[in-house]
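Reviewing the structure listed below.
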Amino acid sequence: MSTDVNVKLDALPGLDPNALPLEVKNLQVEFRTRNGIAHAVNGVSFDVRAGETRAILGESGCGKSVTAQAIMGILDSPPGFITGGEILYRGVDLLKLPEAQRRKVRANRIAMIFQDALSALNPVFTVGFQLAELFRKHRGMSRQDAKARAVELLDLVKIPAAKQRVNDYPHQFSGGMRQRVMIAMALALDPEVLIADEPTTALDVTVQAQIMALLAELQQERNMALVLITHDMGVVADVADRISVMYAGRVIEEAGVNDIYASPAHPYTKGLLESIPRLDLKGQELSAIKGLPPALTNIPPGCAFNPRCRYAQDVCRQNPGPPLYQVTPSRTSACHFWKEVKGDE
Amino acid sequence: MSDYVLETRDLVKHFPLTQGIVFKKQIGAVRAVDGVNLQLRRGETLGVVGESGCGKSTLARMLVGLETPTSGDLFVQGRNMARVGAEERRRGRRNIQLVMQDPYTSLNPRMTVGDIIGEPFEVHPDVVPKGQRRGKVQELLELVGLNPDHINRYPHQFSGGQRQRIGIARALALNPEIILCDEPVSALDVSIQAQVINLLEKLQNELGLSYIFIAHDLSVVRHIADRVAVMYLGKIVEVGTEDEIYETPTHPYTQALLSAVPVPDPTLRGQRDQIVLTGDVPSPANPPSGCRFRTRCWKAQDICAEQEPLLEVRDKSGHPSACHFAEVRDVVHATE
Amino acid sequence: MSDLTSAGAAVGGAPVGGDGPTTEATTGGSGKERSASLWADARRQLVRDPVFVIASLYILAVGSMAAFPWLWTSQDPRNCSTDRSRISPSWEHPFGYDILGCDYYSHAIYGARPSMVIAVMATSAIVIVGGLLGLLAGYYGGWVDAIISRIMDIFFSLPFLLGAIVFLTVIKRQNIWTITMVLFLLAWPTIARIIRGSVISSKDLDYVHAAKAVGARNSRLMFRHILPNAIAPMLVYATIVLGSFVAAEATLTFLGVGLQPPAQSWGIMISVHQVYFLEDPWLLLFPCGLLIGTVLSFILMGDALRDALDPKFR
Amino acid sequence: GGGSDNDNDDAASTGGTLRVYNAEPAFLTPSGGDDEPSLYVIRSLFRGLVKYNAQTSAVEMDLAESVESDDQKLWTIKIKSGYTFDNGEPVNADAFIRSWNFAAYSPNAQNNGYFMKRIAGIKDVQSADPDGDGPQKAPEPKAKELSGLKKVDDLTFTVELEAPFSGFPTTIGYPGFFPMAEACVADIAACNEKPIGNGPYKMDGSWQHNVAINVVRSDTWKGEPGKPDRIEYRIFADVDAGYAAFQAGELDVMYTVPPARYKEAKATYGDRMYEQPGDSFTYVGMPLYQDNFKDKRIRQALSLSIDRQSIIDAVFDGRFTPATGFVAPTFEGARADVCKYCKKDVEKAKQLLAEAGGWPAGQKLILWANAGAGHDQWLQAVGDQIKEALGIDYELKVNLQFAEYLETADQKKFTGGFRLGWGPDYPFMETFLYPLYGTGSGSNNSTYSNPEFDAAMKEGDSADSIQAAIPSYQKAEDLVGEDLPVIPMWFNKVGALYSENVDQFVWNAVSDADYAATSLK
Amino acid sequence: MGRYVIRRLLQFIPTVLGTMFLLHYMTSLAIQFSGNPVRAIFGDRTPPPALLQAITERLGYGDPCLDQKGNPCFGLFLDRLQNIFFHFDFGINLRQRPVTELVADAIPFTLKLLVIAIVFEAVVGIAAGVLAGLRGGSFLDYMVKISTVFIISVPIFVLGVVVREFVGVKFGNILRGQDWIPDLISVGVFTPGFKPDYPFASLIIPGMVLGAVSLATTARLTRTSIMENIRADYVRTAKAKGLTNKRVIGVHTLRNSLIPVITFLGVDIGAAMAGAVVTETIFNVPGIGRLVTFSARTGESSVVVGVVTMLVLVVLVANLLVDLLYAVLDPRIRYE
Ligand SMILES: Nc1ncnc2c1ncn2[C@@H]1O[C@H](COP(=O)(O)OP(=O)(O)OP(=O)(O)O)[C@@H](O)[C@H]1O
Ligand SMILES: Nc1ncnc2c1ncn2[C@@H]1O[C@H](COP(=O)(O)OP(=O)(O)OP(=O)(O)O)[C@@H](O)[C@H]1O
Ligand SMILES: [Mg+2]
Ligand SMILES: [Mg+2]
């Protein structure tokens with residue numbers, strides 16, 4: 001469908017069609033603010049295969065969105081700076097590409113859905129304009145053709161009466177529809193990787209179910225790699241294949257979905273799972289993680305989780321923090337005591 | 001008089017839609033709350049769930065007296081607050097207090113924690129004599145698990161969960177019997193959310209409070225509530241004990257809602273009977289005739305458009321449901 | 001340095017000080033907790049901001065000229081002789097002499113008072129009256145708002161200088177008081193609008209509802225919850241207005257409807273001598289410099305204040 | 001460098017376009033225009049019975065063949081034949097009678113009705129105020145026409161005055177006495193926008209208000225033709241703006257120099273700045289109706305403490321001539337040092353003040369001026385000097401707008417010295433004396449009244465000729481010089497600038513810059 | 001939309017009437033207290049009372065209420081309204097010219113000046129603001145800030161005179177000495193004042209001086225607005241769409257950022273009109289500002305009332321247009 005651009009992209013130096021669609025290695029991002037340097041991402045690594053869903057889990061402020069923005073290359077800079085690591089798209093390090101080529105990768109190869117669809121859509125342009133823009137700028141289509149494609153896309157994401165709605169403004173859509181427009185926009189150029197940054201956090205459960213179902217359907221259809229960023233343990237359990245759990249800018253556990261839920265190998269993951277209200281524990285106190293996440297400008301030495309951790313020992317307070325222990329061949333945990341944590345189960 | 005600490009009868013709130021240049025005339029109304037009957041017993045927690053925009057907050061605001069009902073009655077400990085004057089209503093607010101959804105916006109950024117929690121005492125000077133107020137505030141701080149030394153701090157120096165505790169302390173200041181929580185944890189992270197829920201439960205045990213707990217997170221409601229009311233477009237469509245609602249929901253909307261809740265257990269993936277609704281919530285200014293859910297309901301028939309189903313017990317499940325075709329459908333498999 | 005801190009306190013003190021109990025609570029509480037309100041933070045940031053410090057030092061200097069001119073000069077600005085007309089600056093007479101042979105430096109010092117008094121009084125008046133009306137209109141809405149808004153419209157739609165010319169020609173007694181009054185009359189609607197806008201947007205904030213829910217009365221809601229949070233934009237605007245009023249005083253004199261000689265003000269100095277700026281430029285440069293410095297200082301203070309008060313810029 | 005770079009290659013051959021500075025005129029009709037900007041335009045569009053010699057200021061016949069009288073009361077005027085208005089109407093006796101009647105008839109509300117005041121029958125064409133203070137609507141005047149104007153034949157008419165006046169021939173050179181066409185009087189508003197003149201120039205297009213008035217040489221004019229082909233009056237609201245335009249080479253003649261730029265202009269333009277003593281008189285009037293000012297020694301003392309030259313140097317860059325008399329030095333009959341008290345002499349001043357019993361202790365000398373015209377500045381200097389010389393503290397009252405100020409003058413409500421000025425209506429000594437100091441005269445704001453003065457004036461008025469009248473007027477001036485009902489300050493100096501394009505610039509002491517006689521290179 | 005316009009137009013009525021009455025009362029008071037403006041025509045010469053009265057009556061200052069100090073002259077006001085609204089007759093000035101004609105003469109100049117000023121202010125101000133906003137905290141940002149603030153603090157008449165002397169005269173003369181520079185530039189643009197031969201070119205510099213005052217505010221407003229929007233989520237979306245930087249800024253950021261700027265420019269029309277008073281005097285532009293100043297000084301109440309009323313109408317209409325433009329720029333705003 002988009003041969004001309006594919007030709008250009010194939011010209012990316014070192015592009016290897018057999019390499020993973022996305023691989024992040026030891027990514028580091030910091031924000032240089034007046035109050036000091038905030039280390040928002042401190043060595044995040046993960047990868048995702050075609051057709052697979054990789055979930056990135058973690059509470060608010062742990063650096064999930066920043067990671068996504070770094071991958072897309074849309075970090076606010078200043079104050080944000082990528083200080084290390086690699087972001088590989090099919091073997092090509094995006095961080096080393098010139099801006100013009102990098103731009104071509106966006107939307108064409110790696111696309112993104114944002115957390116809050118209302119603020120992520122430009123309020124002063126029609127939905128149709130914002131969709132058609134992609135075809136006009138990336139595919140050089142005429143206005144009419146692009147508009148026709150926009151309608152097709154709206155149809156694809158199941159917006160009723162797409163032909164009429166294409167000329168509406170974002171505020172005239174309901175929350176769920178806006179999120180569907182976002183999805184349409186992300187899928188427009190048929191990317192290989194889709195990063196969905198909390199696509200349903202702002203939505204009701206019934207609408208969330210609609211959106212997740214839609215995403216799953218489209219992913220399957222196109223064999224896309226999906227990076228799903230969320231803090232909702234329920235959603236992750238429903239759709240993810242593999243999970244990376246983040247804490248204070250770091251991936252602290254990585255595993256297949258069943259492993260994590262069955263036997264978390266990091267105390268933080270464990271704490272998260274335990275603080276979900278559960279029926280069998282009704283009437284009892286929830287087991288909450290005590291304390292607060294650290295400020296990113298002032299991450300405690302050693303394991304960032306140590307002040308809140310019930311397994312913490314002196315070793316946890318020593319720099320450098322725990323390495324990623326290989327729990328099983330397909331699973332890692334950044335806890336000195338992963339065995340205890342897991343064995344506790 | 002009933003044994004309910006709080007009871008509403010056909011409580012209605014319509015926000016008028018007006019039109020006109022000089023003389024405005026009403027051309028319609030947003031039926032935010034449209035005939036709600038609720039009962040709250042002493043020491044009980046009533047959960048209210050429903051989609052965004054279904055009127056939960058409006059209901060809450062009416063219950064605490066921030067909004068005057070368009071019609072209907074509202075009894076707080078037997079006194080009909082919908083029929084009293086403004087001054088008495090102001091005073092009557094003592095008995096029923098509100099914890100708001102967003103801990104970031106519900107605290108005045110320019111007041112110290114002490115001033116925020118102490119404000120109720122200044123408004124109702126008879127509750128605590130002037131000299132003892134400060135001590136009382138510190139007591140409250142301690143009660144909600146905050147450091148009493150932080151009395152002079154400002155809200156922005158606290159985290160979300162701590163702020164929510166400040167909100168709770170403010171609500172407790174006047175020794176109310178009822179506390180109304182309007183989505184008190186939805187702005188919080190999972191790990192913090194648990195802390196706040198624990199606190200609320202602890203206070204209920206210690207002080208014998210009655211809660212109305214509004215939320216859209218059904219698992220939280222299930223954890224904390226004794227009874228649950230499900231709202232849809234300004235109406236209660238199903239009400240029952242927590243078990244009745246979760247185990248034997250009879251209203252299609254409740255069923256859809258429950259089935260949509262993601263269960264944090266990957267092993268159940270694909271086994272659940274997930275109902276994905278089509279279409280959006282209709283506008284409360286122009287609700288569908290008859291049953292309001294019929295536009296999204298897979299069971300809808302002609303009668304649903306003609307006749308509004310009453311909230312009554314229809315089948316063996318034994319709890320009221322506002323559906324002509326109410327029947328039990330098991331959508332949630334317990335996690336155990 | 002101590003002066004500065006108190007200057008910062010004067011600016012920041014308005015809302016917090018108005019909150020009475022805050023200070024009481026601070027003194028009564030455990031001493032080790034440093035209070036860290038928005039205002040206290042702002043103050044701390046302002047004291048560290050060199051632009052703000054320089055600007056407020058300048059304003060302090062000008063303020064003291066206005067309040068205690070005799071501290072700055074021992075000359076009598078009214079002691080003139082045409083024999084000394086337009087003598088250039090020298091050591092004893094740093095600004096030289098003006099046309100009538102009066103000491104220009106002392107004229108400049110004594111001229112600070114009317115300029116500052118007019119600006120400060122007019123600004124306070126618009127802040128108080130405009131603020132109050134804006135608050136009422138915004139809070140109560142309905143017909144209160146309708147009436148206040150219409151009156152606002154009337155004054156607002158009068159172009160500023162034109163209005164001032166008409167009013168002042170009519171009043172024709174052009175002294176400090178009438179000029180203050182005219183500036184006030186024509187400028188209050190802007191502040192009222194600002195306040196009205198921020199009141200409308202803040203009266204539905206959660207914390208206002210929260211206060212209402214514990215039973216607070218209207219006056220409490222207005223003055224304790226809504227106003228302090230609406231006051232920041234007003235304060236910032238007020239500093240800018242203050243500066244523009246200093247300049248307006250000069251412009252009115254230029255147009256012949258402001259203060260007139262033999263009164264002394266910077267405006268008079270500028271407008272009388274502007275025609276000499278090619279021959280004896282210092283006659284224009286000195287008063288202009290003072291005036292520009294003052295206006296600049298006020299605006300920069302307002303800027304710094306806004307940045308300090310806006311958490312986004314932190 | 002100033003405006004020295006305007007190219008004017010073709011100007012010399014054609015007579016060229018003369019671009020002159022002007023302010024917005026009030027009216028362009030002879031009956032209406034009485035302000036300087038109006039007069040400048042009117043004088044090029046219209047011509048009257050007489051004109052003034054540029055060098056000597058003497059009266060010369062223009063449209064009139066002769067203006068004669070035996071008793072100085074009944075004047076016979078003969079008009080040269082062959083002159084017409086631009087629209088072809090003849091300029092005859094009717095044209096003058098029509099114009100003068102129109103101006104005098106009060107319902108027409110023409111400003112120059114004022115100048116008809118000497119003609120017999122003036123009372124009857126102006127409605128009397130029924131109750132003396134104006135509110136009711138004024139009744140129709142008794143007559144429509146002045147009884148003193150009689151047509152003898154087409155080119156002859158007689159003018160009867162209310163009282164003998166030897167200076168009458170000098171007065172009729174004033175534009176208020178210029179003729180008007182019938183078509184003009186019939187639609188005065190249209191005529192004001194595009195006057196129908198009878199002079200060397202005619203309108204080119206209509207009056208572009210506040211922008212420009214353009215006139216071109218008229219082909220119907222029979223007299224000596226104007227030198228420039230075309231005169232463009234550029235209108236400025238602000239003299240500084242005009243000066244800037246002159247500097248930028250956009251003007252050829254600037255008939256005035258902004259006070260503050262005088263020095264600079266003189267340095268820049270050197271001999272292209274035309275300077276000459278002027279005839280506008282500035283004085284500080286003394287309210288003789290106030291007790292403090294009744295004693296003439298006090299007035300003399302005040303006058304003696306003022307150093308006029310120093311004020312002129314400081315405030316006006318020396319652009320004025322200190323007044324030592326009461327009549328403009330350019331006028332026939334004017335003498336220096338008529339006023340013995342007009343030179344600073346502090347000793348004498350103190351002595352006179354002491355003789356008069358001193359100034360009442362604790363009282364301030366109040367000095368009045370109208371607002372917004374810059375008078376406050378020199379008045380302040382005057383106050384400073386009096387304060388220094390006599391120790392009398394002063395206070396300025398300078399906040400009245402001109403209208404109210406004049407009403408205060410009319411109602412004799414000044415409480416101290418008041419600044420006023422006087423410009424002559426015609427080049428005849430009388431204009432500086434009777435209107436200001438004659439008993440009951442309109443502009444006698446001091447309420448000076450001296451029978452001897454009045455008698456001397458009457459004697460001059462009925463003298464046989466203009467020259468014969470002068471000694472009597474000089475006698476009257478001496479009386480004023482002793483009594484000092486006003487403290488003379490200064491006479492202006494005219495300063496005009498002209499550009500390099502101008503070949504010869506002509507200035508007429510009476511009618512100011514003469515554009516028609518100014519030639520371009 | 002139509003309804004909104006009608007409602008706004010109806011709201012004009014009290015505003016305009018109020019303004020007119022205010023002006024009427026002020027000018028009546030002026031006559032009552034400062035005397036008959038006609039007297040000033042004659043200057044030092046005392047006119048015969050009959051003549052004075054005749055002219056006074058002709059000019060409409062003969063109403064007896066003008067002799068009673070403090071009288072609001074309602075009768076006169078009603079007459080005025082009648083004349084204005086039924087006959088479009090605003091009276092005449094001291095020189096016996098109809099006010100409508102005066103305004104008709106003057107308004108084209110002022111409008112031209114305003115257009116130049118607003119365009120200058122918008123183009124340069126927005127450009128400077130965008131540059132400063134994109135590089136917040138940079139040297140450029142600092143320069144823009146300092147220069148704009150400096151312009152605000154110089155009184156406009158000083159600025160005007162300085163520009164006239166140095167740009168119009170001094171610099172202009174240098175240009176005029178150069179043959180290769182076209183007249184339009186050397187004589188037309190760089191002129192010390194308005195010139196009828198170059199009706200547009202000669203207004204450019206005065207217009208820029210007029211626009212300079214608000215230029216600073218425009219730039220600052222744009223800067224803030226850009227800085228806010230550049231961080232907005234939808235800008236991030238635009239970047240994520242792989243659009244060029246130019247398009248991200250020029251299309252997706254600018255339009256949103258301009259909304260507050262446009263509002264300001266609308267309000268500024270009134271201010272610019274006021275500023276024209278000074279600018280027109282200095283640059284000899286025969287516009288409205290000069291007319292009003294002059295009339296106010298000479299006490300020509302009919303002119304003041306008439307002209308200022310018309311100006312107020314212009315300001316109101318301009319504001320209305322801006323509001324409508326606002327709706328075009330921002331589709332979220334709907335006027336009903
Ligand atoms: N533009 C920025 N300037 C300064 N700090 C920033 C900026 N953007 C993000 N941060 C910081 O980086 C950290 C990580 O933010 P991020 O948005 O990635 O969190 P998140 O995991 O996506 O949280 P959420 O679940 O709330 O979306 C936060 O502490 C935040 O304060
Ligand atoms: N003041 C008001 N004027 C007009 N309509 C209102 C007003 N307040 C609420 N509404 C409308 O009433 C309906 C119910 O609103 P409400 O805030 O009670 O919903 P909610 O159930 O609390 O939703 P959420 O979960 O999003 O908080 C909504 O459609 C809302 O638009
Ligand atoms: Mg995020
Ligand atoms: Mg709500």
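Since the model is a prediction, treat every value here as computed from it, not as a measurement. Note: hydrogens, waters and symmetry copies are ignored here, and every other heavy atom, side chains too, is used. Within every chain, numbering begins at 1; the chains are lettered A, B, ... in the order of the sequence lines, protein sequences first and strands thereafter.
- Taking all atoms of both residues into account, the shortest heavy-atom contact from A:Pro123 to E:Asn256 is CG-OD1, 3.7 Å.
- When heavy atoms are compared at a cutoff of 4.5 Å, E:Ala232 does not approach chain A at all.
- With a 4.5 angstrom heavy-atom cutoff, A:Gln130 touches chain E via backbone and side-chain atoms both.
- Using a 4.5 Å cut-off between heavy atoms, A:Ala111 does not touch chain E at all.
- Using a 4.5 Å cut-off between heavy atoms, A:Leu121 touches chain E through its backbone atoms (N, CA, C, O) alone.
- Per-residue heavy-atom pair counts under 4.5 Å with chain E were compared for A:Lys137, A:Arg102, A:Met72, and the maximum is reached by A:Lys137.
- One distance of note links CG of A:Leu134 with CG of E:Leu243; it measures 6.5 Å at 0.5 Å rounding.
- Rounding to the nearest 0.5 angstrom, the gap separating the CD1 atom in E:Ile230 from the CG atom in A:Asp76 is 8.5 Å.
- Counting heavy atoms from C-beta on, the side chains of E:Lys241 and A:Arg106 never come closer than 4.5 Å.
- Inter-residue side-chain proximity for A:Arg103 and E:Lys239 is flagged as unmet; no heavy-atom pair is nearer than 4.5 Å.
- Of the listed residues (A:Ser119, A:Ala107, A:Ala100), the one with the most heavy-atom contacts under 4.5 Å to chain E is A:Ser119.
- Contact annotation for E:Val235: neither backbone nor side-chain heavy atoms come within less than 4.5 Å of a heavy atom of chain A.
- Residue A:Arg143 qualifies as open at atom CZ: its count of foreign heavy atoms under 6.0 Å is 12 or below.
- Ranking E:Arg231, E:His252, E:Arg236 against chain A, the residue ahead of the rest is E:Arg236, based on heavy-atom pairs under 4.5 Å.
- Remark: E:Arg255 is positioned above the aromatic ring of A:Phe125, its terminal NZ or CZ atom under 6.0 angstrom from the ring centre and at most 45 degrees off the axis.
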- Message: Apply side chain to side chain contact (heavy atoms under 4.5 Å, CB included) to residues A:Asn122 and E:Thr237 and explain how you reach the verdict.
- Response: CA-CA 8 Å; A:Asn122 195 326; E:Thr237 312; over 6 Å; no
